[in-house]
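Here's the structure we're looking at; comments come further down.
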2 protein chains.
Amino acid sequence: MAGALAADTLDVKLDENGTSFLEMMGRAMAGALAADTLDVKLDENGTSFLEAANAVGYGGESHQAILDATRTPKGSVDYFVELHIEQGPLLEQERKDIGVVTAIAAPAALEVHFYGDGGHAGAQLMPLRNDAGLAGAELAIAVEAHTLATGAEDTVGTTGIFEVSPNAVNSVPREARLGIDVRDIDGQRRDTVVQSILDSAAAIAVKRKVKVTTNLINQDPPASCDSRIQGAIAAAAQQLGLSTKHMVSRAYHDSLFMARVAPTGMIFIPCREGWSHRPDEFASEKDIGNGVGVLALTMAELSEGSWGDGKSRDEL
Amino acid sequence: MAGALAADTLDVKLDENGTSFLEMMGRAMAGALAADTLDVKLDENGTSFLEAANAVGYGGESHQAILDATRTPKGSVDYFVELHIEQGPLLEQERKDIGVVTAIAAPAALEVHFYGDGGHAGAQLMPLRNDAGLAGAELAIAVEAHTLATGAEDTVGTTGIFEVSPNAVNSVPREARLGIDVRDIDGQRRDTVVQSILDSAAAIAVKRKVKVTTNLINQDPPASCDSRIQGAIAAAAQQLGLSTKHMVSRAYHDSLFMARVAPTGMIFIPCREGWSHRPDEFASEKDIGNGVGVLALTMAELSEGSWGDGKSRDEL
């Protein structure tokens with residue numbers, strides 16, 4: 001959930017992180033999305049973003065026009081505050097009610113594609129092979145090695161997607177496709193890991209005698225959360241009798257992008273076992289209620305003096 | 001293509017290697033197929049083998065009954081000869097017309113499944129992970145290592161299937177499924193490699209803190225080709241003015257199983273670049289014609305004395 005306060009009205013927009021076309025609306029709103037990224041996307045019905053936008057009344061002529069019309073210009077929003085589950089186990093483990101987020105880790109994602117000749121698993125002798133699947137396996141191991149090599153707890157690297165083709169037991173893989181995710185609270189350190197992975201992909205391709213293509217899907221800088229917002233969150237929690245923990249957000253959110261155009265902050269609530277992006281992801285009604293309460297009081301605190309109808313904060 | 005001669009009639013059955021239910025009809029005909037293997041198979045329309053067999057008039061009550069009724073008892077067939085493309089590059093490279101197969105390599109296939117907890121790629125720190133995909137990657141590398149460790153050219157090992165779940169870039173793999181193919185002309189050496197792979201799967205599971213299940217799909221002994229059949233093939237080729245090469249079949253065929261119930265032999269023809277199990281698999285009309293000619297003369301030679309209508313071999 002995200003709340004955005006316009007310069008002189010209380011204007012709350014509720015939004016999900018992602019849509020059929022964008023993984024982060026905030027990326028588009030903050031002007032960090034290139035129109036040609038939308039040009040190649042179709043939803044599950046084969047509809048383009050332009051068609052979908054026009055169908056709901058945006059009336060734009062092109063993706064660039066829609067992006068220009070919907071962008072949130074720097075200065076047009078005083079504060080951007082986002083409420084989210086932690087997606088990690090720390091609040092639950094430490095029995096803290098509210099996370100006051102200090103910074104959002106810098107995410108990057110890349111796709112690597114290896115291409116060999118394939119062949120019959122029984123007939124193709126080992127010295128003649130250029131097995132794309134084994135190239136992929138070596139790279140997945142290298143992703144982990146480069147991640148651990150920073151020596152920093154905050155560096156995480158994952159080969160989340162791994163597919164081989166033709167994917168038949170009696171067929172030497174002729175293609176392998178990897179989707180790799182790298183994040184760190186330190187953008188430069190994260191970039192070093194990404195470069196090491198790209199270097200490994202090239203070296204493995206030579207060793208395995210396969211072709212390789214790489215595609216950097218995104219490589220975003222980290223974001224710091226505004227200190228006034230952090231203070232407002234902490235005060236709101238205290239007012240509601242809730243305990244707090246100052247912490248980093250390891251997952252990224254709309255806030256990562258909105259931080260480029262407005263002072264931004266995040267509120268975390270605990271989620272069971274820290275699980276996320278899996279069907280048993282869960283947050284309790286009590287924790288959700290706590291989060292909403294802190295969000296409301298935080299926005300009231302930040303909007304002090306901008307309250308349209310004269311009500312005081314305490315009357316909310 | 002396979003030709004089977006019954007004890008006193010010329011009876012040629014044309015058959016494909018595989019069907020919707022069986023990868024090798026020969027496995028069933030030779031009595032090497034367990035009924036419970038059929039019990040769990042459905043074709044792409046959800047039809048069971050029993051339903052499909054009854055629909056075309058087999059009229060069996062159960063899978064076991066059908067297998068019993070269609071098995072080829074040892075002694076009921078004098079010779080089993082199979083014509084096939086080489087599925088390798090040697091005949092083409094050496095400019096030989098016909099391969100006289102001396103033995104068929106022993107195939108084995110196994111499935112390995114790793115199970116971890118998964119997690120969010122950004123939020124789950126490295127020390128807390130039990131990444132099933134990395135367990136799979138390590139095992140794929142180990143399959144190659146154990147294969148090469150025999151030091152024998154004839155040993156081949158392949159991780160043909162590699163799938164992770166949920167297979168999303170921002171999700172640590174919680175499951176990995178591998179399909180592994182191991183073959184060798186020496187059955188015992190092949191079994192050593194299979195055991196090493198199983199041992200590695202267990203060791204990797206401990207190291208990676210994942211669960212593992214393994215399933216041996218098949219592990220068949222090699223087969224030697226009957227020397228009289230080899231002689232007949234060579235003579236047939238000579239009669240047609242074709243060059244020959246004595247060679248091993250690295251792929252397996254119905255012949256691997258028929259060799260358990262009848263003297264068996266195989267005829268190879270060249271295929272382009274040795275490619276097989278890929279869309280550009282190709283054999284020329286000339287080579288196919290050569291193969292058919294050798295097959296016919298071979299069967300005539302073997303059936304000498306059994307020729308129903310009194311024609312001599314030369315009159316074919």
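Atom set for the values below is all heavy atoms of this structure, side chains included, hydrogens, waters and symmetry mates excluded. Residue numbers start from 1 in every chain, and the chains themselves are labelled A, B, ... in the order their sequence lines are given, proteins ahead of strands.
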Of Gly157(A), Gly118(A), Ser165(A), Pro127(A), the largest count of non-hydrogen pairs under 4.5 angstrom with chain B goes to Gly157(A)
Check whether Arg183(B) gets within reach of chain A through its side chain, its backbone, both or neither, counting any heavy atom under 4.5 Å. side chain
Looking only at heavy atoms and a cut-off of under 4.5 Å, which of Leu178(A), Val164(A), Val248(A) has the most pairs with chain B? Val164(A)
In terms of heavy-atom pairs under 4.5 Å with chain B, which of Ala121(A), Gly88(A), Ala251(A), Gly179(A) leads? Ala121(A)
What distance separates Cys271(A) SG from His120(B) NE2, expressed to the nearest 0.5 Å? 10.0 Å
Sorted by number, residues from residues 143-155 of chain B in contact with chain A (heavy atoms, under 4.5 Å): Glu144(B), Thr147(B), Leu148(B), Glu153(B), Thr155(B)
Does Asn167(B) reach the main-chain N or O of Phe162(A) with its side chain, forming a donor-acceptor pair under 3.5 Å? yes
Applying salt bridge (Lys or Arg N to Asp or Glu O under 4.0 Å) to Asp131(A) and not counting sequence neighbours gives none
Checking Gln87(A) against chain B: side chain, backbone, both or neither under 4.5 Å from a heavy atom? both
Per-residue contact mode, Glu281(B) against chain A (heavy atom under 4.5 angstrom): neither
As an exercise, state the distance from CD of Glu273(A) to CG of Asp117(B), rounded to the nearest 0.5 Å. 9.0 Å
Walk me through whether Val156(B) and Arg129(A) qualify under side-chain contact (heavy atoms from CB on, under 4.5 Å). CA-CA 10 Å; Val156(B) 284; Arg129(A) 296 188 177 199; 3.7 Å; yes
My understanding is that only residues two or more places apart in sequence, or in another chain, count here; which of them pass ring pair (Phe, Tyr, Trp, His ring centres under 6.0 Å) with Phe114(A)? none
Min side-chain heavy-atom separation Ile141(B)-Glu138(A) under 4.5 Å: yes
Relative to chain B, which segment of Ser171(A) carries a heavy atom at a distance below 4.5 Å: side chain, backbone, both, or neither? both
Given a strict heavy-atom distance threshold of 4.5 Å, which part of Ala105(B) is in contact with chain A: side chain, backbone, both, or neither? neither
Checking Leu125(A) against Arg250(B) for the side-chain contact (heavy atoms from CB on, under 4.5 Å) test, could you report, in this order, the C-alpha distance in whole Å, the side-chain angles of both residues, the deciding distance, and whether it holds? CA-CA 9 Å; Leu125(A) 297 182; Arg250(B) 301 191 182 284; 3.5 Å; yes
Flag the pair Pro173(A) / Thr159(B) as yes when at least one side-chain heavy-atom distance between them is below 4.5 Å, and no otherwise. no
In short, Val169(A) meets Asp181(B) closest at the heavy-atom pair O-CB, 3.3 Å
What residues of residues 190-212 of chain B sit under 4.5 Å from chain A when you count only heavy atoms? Arg208(B)
Less than 4.5 Å to any heavy atom of chain B: does that hold for the side chain of Glu111(A), its backbone, both, or neither? neither
